[in-house]
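Below is one structure, written out as structure tokens; the observations come after it.
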Amino acid sequence: MAQQNNSQKTREEKLRELQSAGRDPYEITKYDVTHSMSAIKANYDALEGQTVRVAGRIMGKRRAGGLIFADVLDRDEKIQLYLKRDEIGEETFNQFKLETDVWDIVGAEGVVFKTVAGEISVNVSSYTLLAKNMFIPVKANEWVNNQVTDHDIRYRQRYMDLIANPSVRETFKKRSAIIREIRNYLDERDFLEVDTPVLNTISGGATARPFVTHHNALDIDMYLRIATELNLKRLIVGGLERVYEMGRQFRNEGMDLRHNPEFTTIEIYQAYTDYEGMMRLTEGLVSTVCEKVNGTKKIMYNDKEVDFTTPWARMTMKEAVKKYAGIDFDALSSVEDAKAALSAIGIESEGKNTLGELLALAFEEKAEDNLDGPIFITEYPVEVSPLAKRCPKNKAFTERFEVFVQGSELGNAFSELNDPDDQKERFEAQVKAREAGDEEAGMMDEDYINALRYGMPPTGGVGIGIDRMVMLLTGNTSIRDVLLFPTMKPVEK
């Protein structure tokens, strides 16, 4: 710790000396950059011998006699600054040597050239200190190969993580590329991107516990949205036909490697299609984005190959439970038989009182983790699918799928329920569950029922977890590694 404090103290003294000498870096308002580091490297033949102005953060600094070498990083790339005492002058040379430290931000002007070792560099004729880094962590357990490895520090101080760890910067650049390609895919197919409210007077569109806040002017409690579904389907009623929204959702639930209280999803709705159409849209979107961003439809995740080449595998929930839990629900005649079958394989089923609920429980407990995928699991029980249209041939099940990859749900889709009377009955069942103590159950949305009475065409809808998609396509196994600012418990707690 003493070494850490001395490092900070030395930097503070340097800053005060600069300020006393009238060279306060914080009084500089701008620095005109002519070229990025990557542009210089990509266009070296054209830029050799040309004067450029660059700026970035010093990532490494070393001296060899009358030479100083400094590796400076901008958004994308590092380049070497080359300062020669005999050319730049004794005073400027010594100022750079004494005033600048690793992680300071500098601007530099000079000529593009290659060193004897063949490294593309800028032969500096002048420099400007633009910001002083006042602190570098030096505790041994925070650094491995010059990279920050302490996860708590990385997530709490993402700015430092981005500076120190090149792989982290690449993850978030790729996240941006993934989001851009998703939009491109949908825009090319005539989908309209829209915005719907984050604050709502009821919580709806999903089964989840909401965050509650209070609107002072209206003196009412409001809910941060847990889904965008109901508002987007109102737009389908209004005739927009193909809509999507990408944005934050908020669910007041637990946190683990796959869950954060605020997360990003995309919900997509298309009139005149069904959940089969949503399967084709989903597999086409994910496989195309994977290829655009990674150059291939195959990735390695958790040391296993995942092939997003279409078409993807399909299996009903009953088939999955029979395969992975050994229970054939078609052979069960009562709830009591199903409870006994679940108990025999160690699944507690208290509070589950229908065959559909028990089937869904068996799937969650025994099948999900075994699904390497990508695979569509179809035909969910109506009890756990309050917004999905019933299967025409078996009214106990719905035209719904979830898509799984490596045991993790990536997306959820329906043939959307458009019968207002059926929808009202399902809302009423959710209200009863909520009154019985289920904080995740939905609420009655009379206006949505009213919207359905105007007439909603047959519609397919799908929601895809953007964070989980980014995890897959960047090879990260924790959601915190793909969120710039994941939710963290305050340090004092």
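Everything numeric in this text was worked out from a predicted model, so none of it was measured.
- Classification of D71 and K78 as a salt-bridged pair fails, no side-chain N sitting under 4.0 Å from a carboxylate O.
- The shortest distance between side-chain heavy atoms of K297 and E291 falls below 4.5 Å.
- Atom NZ of K41 sits in a crowded spot, with more than 12 heavy atoms from other residues, nucleotides or ligands closer than 6.0 Å.
- What you find for A108 and V124 is that their closest heavy atoms are CB-CG2, 4.1 Å.
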### Task
Could you walk me through whether F404 and F363 pass the ring-ring contact (aromatic ring centres under 6.0 Å, His included) test, one step at a time?
CA-CA 12 Å; F404 291 86; F363 173 76; 5.6 Å; yes

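- Under the 4.0 Å criterion applied to side-chain N and carboxylate O atoms, K173 and E170 are assigned as salt-bridge partners.
- In this structure, N231 CG and T196 OG1 are separated by 5.0 Å, a value rounded to the nearest 0.5 Å.
- Stacking of R189 on the aromatic ring of Y185 is recorded, both the 6.0 Å distance cut-off and the 45° axial limit being met.
- Residues D481 and R154 are paired through a salt bridge, judged by an N-O separation under 4.0 Å between the basic side chain and the carboxylate.
- Here the shortest heavy-atom pairing between T265 and I466 reads C-CG1, 3.8 Å.
- For E267 and Y269, the side-chain atoms include at least one donor-acceptor pair closer than 3.5 Å.
- A distance-only check finds no donor-acceptor pair linking the side chain of N184 to the backbone of D187 [under 3.5 Å].
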#### Entry: Working for ring-ring contact (aromatic ring centres under 6.0 Å, His included), residues Y223 and F211
CA-CA 6 Å; Y223 302 90; F211 283 94; over 10 Å; no

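- Counting only N and O atoms by type, the side chains of T207 and E440 include no donor and acceptor under 3.5 Å apart.
- Ion pairing between a basic and an acidic side chain is recognised when a charged N comes within 4.0 Å of a carboxylate O; R209 and E253 show no such pairing.
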### Task
Evaluate the criterion side chain to side chain contact (heavy atoms under 4.5 Å, CB included) for residue pair L81 and V54; output intermediate values, then yes/no.
CA-CA 10 Å; L81 301 186; V54 297; 4.1 Å; yes

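- Looking only at atom types and distance, the side chain of H259 has a donor-acceptor partner in the side chain of R468 under 3.5 Å away.
- The pair E119-K114 does not count as a salt bridge, with every side-chain nitrogen at least 4.0 angstrom from each carboxylate oxygen.
- Nearest approach of L232 to V243, heavy atoms of both residues: O-CG2, 4.0 Å.
- Both cation-pi conditions hold for R85 and F93: the charged atom is under 6.0 angstrom from the six-membered ring centre and inside a 45 degree cone around its axis.
- When all heavy atoms of A39 and L47 are compared, the pair lying nearest together is O-CD1, 4.0 Å.
- Judged purely by distance below 3.5 Å, without hydrogens or angles, the side chains of D219 and H214 pair a donor atom with an acceptor atom.
- Side-chain contact of T296 with N294: a donor-acceptor pair under 3.5 Å is absent, judged by distance alone.
- Smallest separation of non-hydrogen atoms from I226 and A208: CD1-O, 3.9 Å.
- Other residues, nucleotides and ligands place more than 12 heavy atoms under 6.0 Å from the CZ atom of R62.
- Using a 4.0 Å cut-off between charged side-chain N and carboxylate O, R11 and E13 make no salt bridge.
- Side-chain contact, Q80 with S121: a donor N or O sits under 3.5 Å from an acceptor N or O.
- For F376 and F401, the ring centers sit closer than 6.0 Å to each other.
- A donor-acceptor distance shorter than 3.5 angstrom exists from the side chain of S478 to the backbone of R480, with no hydrogens or angles considered.
- Look at E262 and R251 and you find no salt bridge, because none of the NZ, NE, NH1 or NH2 atoms lies under 4.0 Å from a carboxylate O.
- A distance of 6.0 Å or more separates the ring centres of F172 and F485.
- The salt bridge (Lys or Arg N to Asp or Glu O under 4.0 Å) analysis of residues 44-58, with sequence neighbours excluded, yields the pairs R53-E109.
- In this structure, N165 contributes its side chain and S167 its backbone to no donor-acceptor pair below 3.5 Å.
- By the 4.0 Å N-to-carboxylate-O rule, E229 lies close enough to K233 to be salt-bridged with it.
- Remark: R258 does not engage D467 in a salt bridge, criterion side-chain N to carboxylate O under 4.0 Å.
- Ion pairing between K14 and D104 fails under the 4.0 Å rule for side-chain N and carboxylate O.
- Side-chain contact check for Y301 and N476: no donor-acceptor pair (N or O, by modelled atom type) lies under 3.5 Å.
- Evaluation of the salt bridge (charged side-chain N to carboxylate O under 4.0 Å, His left out) rule for E364 yields no partner, not counting sequence neighbours.
- A heavy-atom distance below 4.5 Å is found between the side chains of E276 and M279.
- No more than 12 heavy-atom neighbours from other residues, nucleotides or ligands sit within 6.0 angstrom of CD on E91.
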